[in-house]
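Each chain gets a letter, A, B and so on, in the order its sequence line appears, and its residues count up from 1. This one's a predicted model, so the numbers in the text were calculated from it and none came from an experiment.
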Amino acid sequence: MAKKIKRYLITSALPYVNTVKHLGNLVSSLLPADIYARYLRQRGEEVLAVCGTDDHGTPAEVSALEAGMPVEEFVEQMYMKQKEIYEQFGLSYDLFSRTHTKENFEMTQHLFLKLYENGFIKEKEIQTLYCKNCKRNLPDRFVIGTCPYCKYEHARGDQCENCSKVLDGVDLINPKCIICGKNDTEIKTSKHLFLDLGGLEEEIKAWLNSHKDWPKTTLSIANSWIKEGLKPRCISRDLKWGIPIPLDGYRDKVFYVWFDAPIGYISISMEWAKQQGNPDLWKKFWKDPETYVVNFIGKDNVPFHAITFPATLAGADDGFNLANYIKAFQWLNYEKQKFSSSQKIGIFTDTALQLYPADYWRYYIMKIAPERHDTDFLWTEFRDSINTDLADVLGNFVHRTLTFTNRYFSSDVPPAKNLDKEDKAILAKMEETGKKASKELQKLEFQRTLLLLLDFARECNRYFQLKKPWEDWKNKKHERAATTLNTCLQCCRGLAVLFAPFIPFSAEKIFTYLNLSEKLGKQSWEALDKRIPEGHKICKNPEPIFRKIELEEIVELALEWGGDSVKEVLKQNPHLQDKLAKKKEQTKKEKTTIKKSEGIMTTEQISFKDFQKLDLRVGTIVEVEAIKGANKLLKLIVDIGTEKRQIVAGIAKRYEKDELLGKQIVIVCNLEPATIRGVQSNGMLLAADAAPEISILVPLRKVPNGSKVR
RNA sequence: AGCGCGGUGGGGUAGCUAGGUUGGCCCACAGGGCUCAUAACCCUGGGAUCGGUGGUUCGAAUCCACCCCGCGCUACCA
């Protein structure tokens, strides 16, 4: 931190292109980067803030296949969509681009060749799978099959999620292509390229050690990688979608997505420079050591920003700046659950904008930003924060000041004469808040900054209340009331300046109502001694800045999108119960329809004979036991009449021992045995999979154990 | 199982890496005030054995040990 800072380069983790992102993605990298950038620009600093979509990798290809579109087109569309959403959120990047650009191709290939020249690229022959039917190589998750270790049948080509053993696609028993679902594969041997992280370990270690002030999240994850020792990582893939490898013998391969993605930060800066008409402009941000580089990321991204990307730059040895600060955020949960794109849990950025103004989201999620540990998005807290902090405290102070000025001083900023102790105190508090908050934000402490700002807003209300200008007016002490209101108007201006990075749209509104012509984006927190001149006309018809959120609204939203935090609210507000019941029914219906249309129903018919192959029988659960080392699995002993069967079921998350004991269930008796987590499973129970809910099928009436099911 | 994070009044949290006046803040709750304002704002109050046990210390929410509970990760999901 001792270095001289001339300018700032700010990066947000590049959002992956295949889906619309949720609030969790927003809070961990996109939004804080914007707030920081806005704050610095207000201070008059030279700032370059870049971001863009991460376009390559197999998930994009899979999504494109599902959508029935060429990858290129699909990715282009998703890029446009995401870009538009972020603009609506007020994210003020100097450029929001993507990684599928000419610039990124060039820079990625350039850095790779440097690494190659410097001896940090290793070649190794490995075996990979190829689907003869699709005529496609099957790296990583393009293939599933049975795990050779635990016999789990849906192990992926990179790892078995059941026993967590790291796999190679060729290890899988009965490997299947996920595109065509067929086992028409063959093993191919080919050479691949590896980034020799081990050779760069000392350099990375030293760099990490020189940054003890980084968030604990960043350091602990990075250090655990170091502790395990850095192994070579494969950076090539037998795919078409990606950046081609510029090396003989590898020209039919592309770079693995994690290699080219962070290089996007550089290439997007280059694109920006071109747009500025000065193609070399990016160099002062990336190559001048007096630039301060900050990465904003979620905790999953730490290895790439604290290990592999710096290793890439260090190994290329081409004068690129490494990050000076890596701000890693933990997870934002949604109503105590994990945000999940695949399971559609949580609020997504496009939906959010349809529900409430961007500033509402910006404010609340930064207020609860997971800076030190995971936090929860709760509808009830969302409403409380918006209503209390924004509407009551901030918005209402501004509104009462403006209204008073309009009514009693015919919209003129009244003169301030003979400032007393309290007048001076509140103005001093404003300047002090600016300085203190500035210090916090320079340390990237977002929540602490916000608390300081809010504290000042409360102080403003306290001041108004204490000075009672309405009383002064009635008692003909007009001059005194004038001084109070003048002071309040100065505070309104200060509040707008202070809150601007967090809620830019609303801050701008305040400036408009104050009828100020100066640029809000240029007002430094550390220069809050500027004053609106006496006699300045303010806007005549100010509206409340923030509309409050009704209780009913969030109850409905929680019902629609899920959320337990409103349960307590409902208990206390029985009149909302009816609404709940009706809505619930409706949602249920909708959900069922969705499931039906979404679920892939097979069109392939089977004969009755085929069906008869299944030996389904009723049994009673007589024993239940947790399986050590597995948090989803239970070992069940089921009495099926002729014998007691041991089966393993992945239901531990939803079922307790007591709920299961003595219940009759249906099991598949002639399923081939499997060993799961070291425990034999001789059959499978039937249950409806409505993730995350699991509902076990039971016979409606009691029947003898062993009864056949058909 | 390993790793990470957490367990603070009814809810949400700060503090805890540098241990020391009455454990801070927001919401909710109770009482009061005010009426300029979006039924807002202001004041006062009740309420916590700081997950448990043991230890270090003159002194621990804060350090150490063990244990219990929750969550997450171990997958290129922020």
Against the side chain of Lys336(A), the closest entry in G12(B), C42(B), A78(B) is G12(B)
Classify Gly24(A) by what it touches in the nucleic acid, base, sugar-phosphate, or nothing, heavy-atom distance under 4.0 Å. base
Taking G12(B), U35(B), C41(B) as options, the one with an atom nearest any side-chain atom of Val393(A) is C41(B)
Query raised in the report: Looking at Lys21(A), does any N or O in its side chain come under 4.0 Å of the phosphate oxygens OP1/OP2 on A78(B)?
Result: yes
Between CG of Asp376(A) and P of G70(B) the distance, given in whole Å, is 16 Å
Comparing Ile545(A) with Gly298(A), nearest RNA chain B nucleotide closer to 5' gives the residue Ile545(A)
Here the salt bridge (Lys or Arg N to Asp or Glu O under 4.0 Å) pairs for residues 13-34 of chain A, sequence neighbours left out, are Asp34(A)-Arg38(A), Asp34(A)-Arg362(A)
Please determine if Arg372(A) and Glu445(A) form a salt bridge, counting it only when a charged side-chain N lies under 4.0 Å from a carboxylate O. yes
- Query: Would you say A39(B) has OP1 or OP2 under 4.0 Å from some side-chain N or O of Lys548(A)?
  - Reply: no
Remember a base hit wins even if backbone is also touched, and classify Thr388(A) as base, sugar-phosphate or nothing at under 4.0 Å, heavy atoms.
sugar-phosphate
Check your understanding: Below 4.0 angstrom, N of the basic side chain to O of the carboxylate: do Lys327(A) and Glu371(A) qualify?
Key -> yes
Residues passing the side chain to side chain contact (heavy atoms under 4.5 Å, CB included) test with Asp384(A), sequence neighbours excluded, are none
Looking only at G12(B), U38(B), C36(B), the nucleotide nearest the Phe546(A) side chain is U38(B)
On a whole-Å scale, what distance lies between the C1' atoms belonging to U38(B) and A48(B)? 35 Å
Of the listed C36(B), U38(B), A78(B), the closest approach to the Ala391(A) side chain comes from U38(B)
- Item | Sugar-phosphate only, base, or nothing, as touched by Lys327(A) at under 4.0 Å among non-hydrogen atoms | nothing
Whole-Å distance, Ile426(A) CD1 to C41(B) P, equals 16 Å
Which of G15(B), G72(B), C42(B) is nearest the side chain of Arg448(A)? It is G15(B)
note: Gln330(A), atom CD; C77(B), atom P; distance rounded to Å ~ 16 Å
Think Asn396(A) has a side-chain N or O under 4.0 angstrom from the OP1 or OP2 of U38(B)? no
- Query: Arg372(A) side chain N/O closer than 4.0 Å to the phosphate oxygens (OP1, OP2) of U17(B)?
  - Reply: no
Inter-nucleotide P distance (U62(B), U21(B)), Å rounded:
14 Å
Measure up the His56(A) and His100(A) rings against each other and bin them: parallel (under 30°), tilted (30 to 60°), perpendicular (over 60°).
perpendicular
Which of A78(B), U35(B), A14(B) is nearest the side chain of His22(A)? It is A78(B)
Exercise. Are the ring of Phe404(A) and the six-membered base ring of C36(B) within the stacking cut-offs of under 5.5 Å and under 30°?
Worked result: no
- [ ] Quick one: label Leu451(A) by what it contacts on the DNA or RNA (base, sugar-phosphate, nothing), any heavy atom closer than 4.0 Å.
- [x] nothing
**Item:** Validation row, ring centre Tyr363(A) to ring centre Phe502(A) under 6.0 Å
**Value:** no
Between G46(B) and A28(B), how many Å separate the two C1' atoms, rounded to a whole number? 13 Å
Notebook entry, point to check: G72(B) and A78(B): how far apart are their C1' atoms, nearest whole angstrom?
Noted result: 14 Å
Dot-bracket assigned to RNA chain B with the 3.5 Å Watson-Crick/G-U criterion, [ ] for crossing and | for other-strand pairs, is (((((((..((((......[...)))).(((((.......))))).....(((((..]....))))))))))))....
- What distance, rounded to whole Å, do you find between the two C1' atoms, one in C69(B) and one in U22(B)? 32 Å
Using a distance-only test with no angle check, is there a side-chain donor-acceptor pair under 3.5 angstrom linking Asn461(A) and Arg400(A)? yes
Whole-Å distance, Ile221(A) CD1 to A75(B) C1', equals 14 Å
query: Contact class for Arg458(A) vs. all strands (heavy atom < 4.0 Å): base, sugar-phosphate, or nothing?
result: sugar-phosphate
- Task: Remember a base hit wins even if backbone is also touched, and classify Phe304(A) as base, sugar-phosphate or nothing at under 4.0 Å, heavy atoms.
- Result: sugar-phosphate
- Using a 4.0 Å heavy-atom cut-off across all strands, classify Phe339(A) as base, sugar-phosphate, or nothing. base
request  = Under 4.0 Å between any heavy atoms, over every strand shown, what does Leu485(A) touch: base, sugar-phosphate, or nothing? Just pick one.
outcome  = nothing
Whole-Å distance, Asp300(A) CG to C3(B) C1', equals 16 Å
Report yes if the distance between the aromatic ring centroids of Phe309(A) and Trp258(A) is under 6.0 Å, otherwise no. no
Check: Trp379(A) vs Tyr334(A) aromatic rings, parallel, tilted or perpendicular, using cut-offs 30° and 60°?
Finding: perpendicular
Closest to the side chain of Lys299(A), out of A78(B), C26(B), G72(B), is G72(B)
In whole angstroms, the gap separating P of A28(B) from CD1 of Ile554(A) amounts to 13 Å
From CD of Glu471(A) across to C1' of C41(B) the rounded distance in Å is 15 Å
Does a side-chain N or O of His373(A) approach OP1 or OP2 of A14(B) to a distance below 4.0 Å, or not?
yes
Nearest-nucleotide check on RNA chain B, Leu454(A) vs Leu390(A); residue mapping nearer the 5' end is Leu454(A)
Open item on the list: Considering every strand and a 4.0 Å limit on heavy-atom distances, what is the contact class for Ala13(A): base, sugar-phosphate, or nothing?
Closed with: nothing
G15(B) to G7(B) separation - P atoms, rounded to the nearest Å:
10 Å
With respect to the phosphate group of C73(B), does any side-chain polar atom (N or O) of Lys338(A) fall under 4.0 Å of OP1 or OP2? yes
Mind checking if Glu543(A) touches a base, just sugar-phosphate, or nothing, with heavy atoms under 4.0 Å? nothing
Take Tyr93(A) and Ser12(A) through the side-chain hydrogen bond (donor to acceptor under 3.5 Å, both in side chains) test and state the conclusion after the steps.
CA-CA 9 Å; Tyr93(A) 295 110; Ser12(A) 297; 2.9 Å; yes
Problem set entry | Tyr364(A)/Phe377(A) aromatic ring centres below 6.0 Å | yes
In whole angstrom, give me the gap between the P atoms of U8(B) and C71(B). 15 Å
Say you pick atom C1' in G54(B) and the same atom in G12(B); how far apart are they, in whole Å? 32 Å
To the nearest angstrom, the CD1-C1' distance between Ile226(A) and C3(B) comes to 16 Å
* Asked: Hey, does Arg547(A) reach any base, or is it just sugar-phosphate, or nothing, if we go heavy atoms under 4.0 Å?
  -> nothing
